Every structure is written in structure tokens, then in C-alpha cells.
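Data first, discussion second: the structure below is written as C-alpha cells.
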There are 4 protein chains.
Amino acid sequence: MPEQRNKKAPGRSRGTTVIETLHYLWILTPNQIAYGTERRTFLCYTINSTDQSVDLRDRRMIHSADKCSDQKSTRERILEAALDIFSSKGYHDARLDDIVEVAHISKGSIYFYFPNKERLFLALVDQFADLIERRATEAIERQPRAGIDRVRAAIMAVIETFGKYRRPAKILLVQAVGLGAPFEKKRLEVTDRFAALIKRHLDEAITVGEIQPIDTAVVAHAWMGAIYNLVIRWVMTGDPPAERIPPTLVPLLLRSVNYPVEEKQGNAV
Amino acid sequence: MPEQRNKKAPGRSRGTTVIETLHYLWILTPNQIAYGTERRTFLCYTINSTDQSVDLRDRRMIHSADKCSDQKSTRERILEAALDIFSSKGYHDARLDDIVEVAHISKGSIYFYFPNKERLFLALVDQFADLIERRATEAIERQPRAGIDRVRAAIMAVIETFGKYRRPAKILLVQAVGLGAPFEKKRLEVTDRFAALIKRHLDEAITVGEIQPIDTAVVAHAWMGAIYNLVIRWVMTGDPPAERIPPTLVPLLLRSVNYPVEEKQGNAV
Amino acid sequence: MPEQRNKKAPGRSRGTTVIETLHYLWILTPNQIAYGTERRTFLCYTINSTDQSVDLRDRRMIHSADKCSDQKSTRERILEAALDIFSSKGYHDARLDDIVEVAHISKGSIYFYFPNKERLFLALVDQFADLIERRATEAIERQPRAGIDRVRAAIMAVIETFGKYRRPAKILLVQAVGLGAPFEKKRLEVTDRFAALIKRHLDEAITVGEIQPIDTAVVAHAWMGAIYNLVIRWVMTGDPPAERIPPTLVPLLLRSVNYPVEEKQGNAV
Amino acid sequence: MPEQRNKKAPGRSRGTTVIETLHYLWILTPNQIAYGTERRTFLCYTINSTDQSVDLRDRRMIHSADKCSDQKSTRERILEAALDIFSSKGYHDARLDDIVEVAHISKGSIYFYFPNKERLFLALVDQFADLIERRATEAIERQPRAGIDRVRAAIMAVIETFGKYRRPAKILLVQAVGLGAPFEKKRLEVTDRFAALIKRHLDEAITVGEIQPIDTAVVAHAWMGAIYNLVIRWVMTGDPPAERIPPTLVPLLLRSVNYPVEEKQGNAV
DNA sequence: AATGAATGAGGTTTCATTCAT
DNA sequence: TATGAATGAAACCTCATTCAT
């Protein structure tokens, strides 16, 4: 009898109820915000990347600053257990009861921190997408010269991060696929962000004259497909061991845009 | 990062340092923010690009829009909010969280003042039943002569009170119905008190000789049903406007016990 | 993940899927339809009384003509059990498991015949409202003369039907109250239909000259309130026994519109 | 009332006496009805007011709109509908009822032809995998010379087939991902078959001396990833139009193994 | 007096699968 | 071959209530 579902998405500018008394605010990454009140800090991953707006009524990811150090917060425990279960069973076969059991919390707690199963899953996707983008960005910033060096650094960082975090990688690349519109939207968003990063630096390489003009959009998506596919195989079967992927893959990619690679790439990485 | 040691758990809306009640938030560009409250939207260009943090207390455009100086007691605030929510959503669809939100108190506070949801609801019913009985009694006492005059005064007082307090009326006449034994008991009790009042004075009227003997118990309940039904319709649909009910209803009731009503009742009320 | 909720209420004129091959059609009452295919008959209570339209996608109340005589159909068993449970426990306290247990069917069967708990409940309300209206109409048709005779016959029929069917009466008059908008809508609809019936024949009585002009709309609602209230008391407490209500109530109502009642109504019923 | 003895359980849509497929219905006045099919709306003034029944066979305006002369076999109809539903909703959001509705068959029929939902889905995957492999093999066989020509022909054939069959492509590349072990097994199997095909002919090209030695296993998987990712994007968003993918992608892949591509692909991008 | 994170029993609803006809 | 009513396990989610602080 949910006669009155909460005012349903009330045109962002007509909120009627006090949500929070806000004291400070961090923009951690382009789609992650933390804001704080006198006593607590709230996290919020849900910036709509299209129109860059945030409706605070969406946030439930409260992070209590009070007892942060002594033991893992409930929210962290949930995320960790969810990572565990979702990555091994997939979205649909994962039951909330599984997560409850692993996290040693109550079912209600999940719904205190996340509005529903879908959003819990998407929080994991977001978390990992943010991590990877940060790693790639940092790797790029470490390269003094614009151009192919940066492209290579970014790719290496991405592969390395995938290699290091097998379970989140599985979630992003496998378990988030084929789940229907809302999930697909998020996946496209994440994927497009990476592709845009690569494209940007490929364009720089063209400007600098390191490689010849080419349709960098298609190249970026092709490269990502190549990377993803090898990572997926590794994640699912362990077959081409993580450390053996870059030595073959990176020169392959660079050659594909006619960038000359010296053929003694044994330690080229 | 935020290490705001709290000054002692201040009720969120009555602290002395409320900076802003924030409702929504846009990240327009990496160093430009807009945020809004119920009434206005603010812009903010000065995100510190290094650590990406913003202390809103440093901002110029912060505007304390509401002073929150409700000095009402917590118990009163709860009852008021409960009246609001229960009357509009009904008992089962009303969540304590709704009341908490409207009352600006904590969920625990409700349980400090009331043992449970049921008793909070019944407190409202009692409150209103007392009010109505008081009004009826006062109206009766203002009538010098025993008999029909008093009956009429009581009925008028009841209708008038219902008309004045639409939300409590809705709670008593609509939302308290069909909730099961404990609620039904209370409702019968309240209803029977009114019926007894009317019966008593009808009996007086018979004694005095104003009307002929009749089964006053049935009459009392029939009258109450008539009154209730019209009030309910008015409360739910607003249809027979409150002021138009008495002129037709009161003569109708009186005639039903063979009390002669002069037929020029345009303003007979 | 209900990514694609079934096309949501598709503007009545753009259905895309074949619902049923229809062969014949009965209009049983103003809001009840039966239609049939080669093999089966379907019932449908859900004519929207406002715009008089029916979307067949709404119907689930299938009545199989195949095995009608030998044993009660599953649908009937469900309705009977639901009547039992809803009338004694009320809507919210009634669990589907209760109904399952009483009806000796599986929980899935309920959802085969009714889209959800709400609609199962409303089917009972509809069923009884239809019955009562039919009884009243028949009683009226048995009266040769227009006017008060018909009014009295209708009222008697209504009271008598309430008296005969205590559980449905409880559902309509008690359990359906205070359940929120969709239920309230139905209740108002039913109530208004009765009130309109009474009003129509009161107006006739005025035309015929049996009673003097009066605001018949208010009278109709007042009368219904009186009737309902006494019936409710009887249903809930058994107190004024059903058979003793009419002898006092009917003359009371008639007198209230100045219709002379001979005062020897001992066996007037 | 309806006593239509049935002539032997005829599949609803292939009986010989389909009168009308009815979608919606208005009761305009007590003796006026409008009803509609997918294509048209009919009016009907002649409800028999006595027994309130309407036999549509007596109506003039009945119009048999569809003949339902699909002579496709039940199994084919199921597979077609399954392709439709699975590709648009994904495995989990697809209900067998959806497929039943689209295929115009009974739920039991599905279980006559397929042991369960999973195997029905996998049948589609198999069907398409076979098709694609056949196309690739045929393309290869049309090339007289071993080596890169054959590799290129195979890739072109695969891309072309994906482009031609968007829905099966979506099933294989998107909807079959992340469904758990049994599905993953099939997917790996299919994918590995393609990869092996490419690898085999790349090895030939090395033998022939067209390209230099390289880890062809990694290359094959990288290429497949590139192809898949662009196809997926096209399938999901339509963005890089199917016909524009090969001109950029094929040279890219060939260059990646140091096969010289003449740089005059004019409108390639 | 006040807080709000945590709980968990219990509800409704879904839907793949079966089987008598 | 075909049907579709019936099944029931299992899933997600709600929300009144508690209690350490």
C-alpha cells in the first residue's frame, strides 16, 4: 500500500525537506563527493555525469567519521563482502543473504547504506572505475613528455591495476555485462571515460608528430577491447598469466598505429 | 580528512552553528559549484584545486535562510508531525521515519515519549476525543433549559469542532477504522461516549415532554452515523462544504424524533 | 532488475499484444463484465466508472467454464478464504499465507487470478457492492408506485442484505476504511452509487408530492450514515440485533423528511 | 451462462473460428459498446437490454483483422520469439511468459522442445556461433592463397555477419556474459573456436613469410577483443555505424602484426 | 533527553517448472 | 503434440523497535 511514494523525484529545485546541514565539501574525483556535517562525513558517488547534478536525496552512503580507525565500518564491510559475492557468483546469483553472511551484518544494514541491490552493485563498479582512472591519470602525470610515452604509461597502469585487483576487474568486465539498461548505462559511461582518456593522448601524439593521423576514436575502442578481452580471459581462466600480457600486447597496440617498436621487447615493459 | 570533533551531540536543527541546509548540488566545472536550499541557489567558484576541499564556512555566499527557532517541546513536535502524517497517509502507510523527518527529531525520541507507534496514534485519537467532548459539554452547559435545546447545542458543537479540525477529524473518523481490536476498542469507547451524551439529553427531552418516547439508544447511534458520514465526505472530498451541512442536517435530525421544526430554517442554525 | 516493466499503462488505444479472442460478452452490472472465448468465460470487475473504459490487460479473474459444477473453482475458493480472513483480521493484518491455508491452494494461485493483494481485496468489495445494489434495485422494481414506497423498500433491502452477509458487510464498512487513496476511491464510488439511488427516489417522492422539497443529496448521505453506523455496531458488537434495527430506524428516517409515519410500527417491517 | 462445448482444445490463434482479437473495451452507455483491436475500434449499439448479453457473432461490425497463417513450426516460433526477448531484455529479465506471448504458443510447448530456460538460451548461442563459423570458413575457402588474405577474409566475414544479425550478436556478446559457469563455459568455447581459427591462419601467414613470428595466441585474443568491443558499441548504441568499422579496424589489426598496409584507404575513417 | 545505526522477522511478489488432460 | 492452471521455493525489501553512547 505504498500510497504515497516519497514525492517521486521532485524536480531538483523544489525540495521541501531539510536533508542535511552541510559544513564542508570535498570533490574527491569527478564523480565522487564527500560532504560533512558537524559530526559525520557523507560520501556520494552519484553525480550524474551528463548534467553534473547531484540530488542529495540519493545518497545513503554515509561514512561515520566517529569510529573510523579502530575497526572497519559497516559500510566497508558490506562493500567488501559484496565484492566477494558479486565477483564470484554474478549479480543475479548473488543473494543478499550471502553478503549478509560474509559481512557479518544484518540485512537491514545493507538497506541503511544502499537503497537497493542494484545500487550496491553499482557502487562497486564506480569505486573501481574511479580507482583505475586515478591510477591512469597518475601514471600519465609522471611522464614528462606528451605523446606516446603517456599513452603507453596509461595502458600499462590500466593493465597493472586490472592485474592487481582481480575481483573488481571481474565485476566491471564480466558481471556488469548483460544486466539491462541501468547497468549498461553505467558500463558505457565508465568505458567511455577510459576511451576518452586514451583518445586524448593519442591525439596529442599525432599533434606532436609521433604517429600519423588516424581515427583515434575507433582506435581507442579497439584497444580497449583488446585489453579487456585479454584481462577477461586471465580473470576467468588464469590462462595468459597477467605478467605475460603486457610484453606482447603493448607493442602490438603501438604498432597498430604505425609507431615503430624496436623488436627486442623482452623487457620492453 | 574531516576531523571536526563535536561539541556534544546537538539536535541537528537547534544547534547554534547551522551553516546551511543543503538540498542539491551541481558541479558545474571542476572549480565551480552551485548548491541550493529550499529557497535559493548559490554559486561558488573557489574550490581549492589542490586538495579539492571546500569549507563552506569560508564562502561568501553562504546565507542562513532559516533560523529554526521552534521552541515547541519535543513531545509537541512529535504529536504535531504525527497528526500531519497519520491524517494524510493513514496508520499503516505512515512510517515513523516520515514523522521523524517532519518533526526534526530523532527516531529514538519518539520512543522516549511513546511506548510504540500504536500508542502514539491512540494519543492523537484521545487528544481529539477529549477536545470534542469538552466542546460539547461546554455548549450544553451554556444552555439554560434542559431538553432539545441542549441536544441541538451539542450537535452543533460537534459539527463545528469537526469542521474546525479537519486533520484530527480524519484520524478519528477514517484512519482509526479497520485497524484491528485495540484500535477498535478505543474507537467504540469514544463513539459510545458521544452517543451516551446525546442519549442522556434526548431522554431529558422526553422527560420534559418536548418529544415523545422513543428508543433513544438507536436514535443516538443513527444520528452519530448521519453526522459522521457527512463530515467524512467533507473531510475526504470537501464536497458538501462544512458551512452547508448544519442547516439541512440539524432540522433533519430533530424532525426524525418528531420535534417540530419551523420551516424557515434558512439561517436556522 | 525489472528493467522493462510491462510497457506501463499503454494509452488505451495502442495495445500491442493479443489478449484474448473474444466470442461473447455480458454486461452483468454497470461495473461488472463477463466475456467469453470458445472455451472459457472471464469475469472483469474493473470498469473505470469515470471514463467507463476497460483495459483487458487488467483482468485476471478467469472463470473456467469447463469444470464449474463438480467442485468450487480455485478462484472461488480464494475469494471465500479472502472474505474470511480479511473480514476478521483486516487488510493489513491479513497475510496471504492465511488465505492460502484456508483456501487450500498455493500462494502462486492467488497471483494467477489477482494481480496483487490490493486487487484481491477490492474484488471482494466490488462483489458485495454489486450484490447490494442488485438487491436494492430488485426491491424497488417490486414496488408498483413511485415515491416513498420505493425508498422504503430500498432501505429495507439494504439493511436486510447487510444483516444476511455479515462478513462482506464488515469488509465494506470497516476493513476498507482508512487504507489510502486507491481503496478510498473505490469506497466513495460504492457509497455514492447507493446515495444516488436513494436520492433519485427521494426526488421522485417530492415530485409525486409525498414529501416536501428538501436537499435530497444531504439527506441521502445522512441516511446512509445512519444505516451504516447501526450496521457497523451490529457487525462489530452484535449489540442492536439485526432484526431490531429496521423497526426503529426506518420510521426515524421517514419522519426526518416529514413523511407521516403511523405510530404503531410494532411489526411494521 | 455460456455453454460452448469446445471442439477440441484448439491453439488459440490457429483455430478456424477466431472471431476477434479484442484489446480494449468501453461501455459508453448502457446499451452502447466500443471495443478495439490492434488496428481498429468498433462500435456496437445493440446490447440486448433484457439479459444484458452480447454475442459478437451476431454483430455486423466484426472484422477479422488477422489471419494468423504462420505455418512456421512451433520450435521455430519459440526460437524466434526467444531471440527477440532475450536480445532485448537479457537472460534474467526475460520471462518465459514473454516468449509465450510473442510466439503465440503455450508455456508447456517450450518444455516439449527444450529441457529448460537455460538450454533454450544456449540453443540460440549455438545457432549463431555455428552460423558465424560457417561464414568465416566459407570466406576463407574462397581465398586461393594461404596467409594474410585468408585472415583478412575471415575477419571481414565475422564483422559482416555481426553487422547483419544484430540481435544474435547482442545475445552472444552481451546477454551471455556474466551468467555463471554453464553459460561461461559455452561462451569460452565459442570464443576459443574463433580465436583458434584466426591463430591457425596467422601461423600460416608466418610460415608463408608474410609476417614475422609473434605470439599468435595473444594476438588472436587481442584482435577478437578489438572486434567484439566495436561491435558491442555498435549493437548497443549504433554509434560507429557498422559499415564504417572495417575500413579503420582491418588495417589497424594488420599493422599490429607488422603487415604493411598501403596508406591510401581514402574514405576509410 | 536525545541520537541514529543496527536489527531481523515477516511481508509480498516473481517465475521456472510440472502434469493432468 | 499441445495446453495452461497450479505449484512453491526463494528473492528483495520494509520498518517498528532497540540500545550503546
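Chain identifiers are assigned alphabetically (A, B, ...) following the order of the sequence lines, protein sequences preceding nucleic acid strands; residue numbering begins at 1 within each chain. Nothing here was measured: the structure is a model prediction, and the numbers come from that model.
- Among the nucleotides E:dG10, F:dA2, F:dC13, the one closest to the side chain of A:K117 is F:dC13.
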Sub-3.5 Å pairs of nitrogen or oxygen atoms, protein against nucleotides 18-21 of chain F:
none

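- Side-chain atoms of C:R119 never come within 3.5 Å of backbone atoms of C:F114 as a donor-acceptor pair (strictly under, hydrogens ignored).
- Spacing between atom CZ of C:F114 and atom C1' of F:dA6 amounts to 15 Å, rounded to whole angstrom units.
- Nearest nucleotide to the D:Y113 side chain, out of F:dT7, F:dT1, F:dA11: F:dT1.
- Proximity of a side-chain donor or acceptor of D:S87 to a complementary backbone N or O of D:L83 within less than 3.5 Å is detected.
- Where DNA chain F pairs in unbroken runs of 3 or more (Watson-Crick or G-U, both distances under 3.5 Å), the stems are E:2-21 with F:2-21.
- Here the nucleotide nearest the side chain of C:D97, chosen from F:dC12, F:dT7, E:dT12, is E:dT12.
- Straight-line distance from the NZ atom of D:K89 to the P atom of E:dT14: 13 Å, rounded to whole Å.
- Although no hydrogens or angles enter the test, the distance criterion places no donor-acceptor pair under 3.5 Å between the side chain of D:K186 and the main chain of D:A176.
- Note that CG of D:N116 is 8.5 Å distant from CG of D:L120, once rounded to the nearest 0.5 Å.
- The interatomic distance linking D:D93 (CG) with E:dT14 (P) rounds to 13 Å, in whole Å.
- Nearest-nucleotide assignment on DNA chain F puts the 5′-proximal partner with D:R75, out of D:R75 and B:E118.
- Separating the CG atom of A:L96 from the C1' atom of E:dT7 is a distance of 15 Å, rounded to the nearest angstrom.
- Side-chain atoms of C:D98 come within 3.5 Å of backbone atoms of C:R95 as a donor-acceptor pair (strictly under, hydrogens ignored).
- Closest approach of D:V100 and D:K107 over heavy atoms only: CG2-CA, 3.6 Å.
- When the P atom of E:dC15 is taken as reference, atom CZ of D:F121 falls 17 Å away, rounded to whole Å.
- Of the side-chain N and O atoms in A:T74, one or more sit less than 4.0 angstrom from OP1 or OP2 of E:dA6.
- For A:S106 and E:dA6, the shortest distance from a side-chain N or O to OP1 or OP2 is not below 4.0 Å.
- Proximity of a side-chain donor or acceptor of A:S109 to a complementary backbone N or O of A:I105 within less than 3.5 Å is not detected.
- Between the side chain of C:Y91 and the backbone N or O of C:E118, at least one donor-acceptor pair lies under 3.5 Å.
- Atom C1' of nucleotide F:dT3 and atom NE2 of D:H104 are separated by 16 Å, given to the nearest angstrom.
- Comparing B:H92 and A:R95 along DNA chain F, the residue whose closest nucleotide (by nearest heavy atom) sits nearer the 5' end is A:R95.
- Between A:F121 and A:F183, a ring centre-to-centre spacing shorter than 6.0 Å is recorded.
- Between A:S109 and E:dA5 there is no side-chain N or O to OP1 or OP2 distance below 4.0 Å.
- Of the inter-residue distances, the one linking B:K89 atom NZ with B:D84 atom CG reads 10.5 Å to the nearest 0.5 angstrom.
- Here the C1' atom of nucleotide F:dT3 and the CZ atom of C:F112 are 11 Å apart, to the nearest Å.
- Counting to the nearest Å, the C1' atom of F:dC15 and the CG atom of B:L120 are 15 Å from each other.
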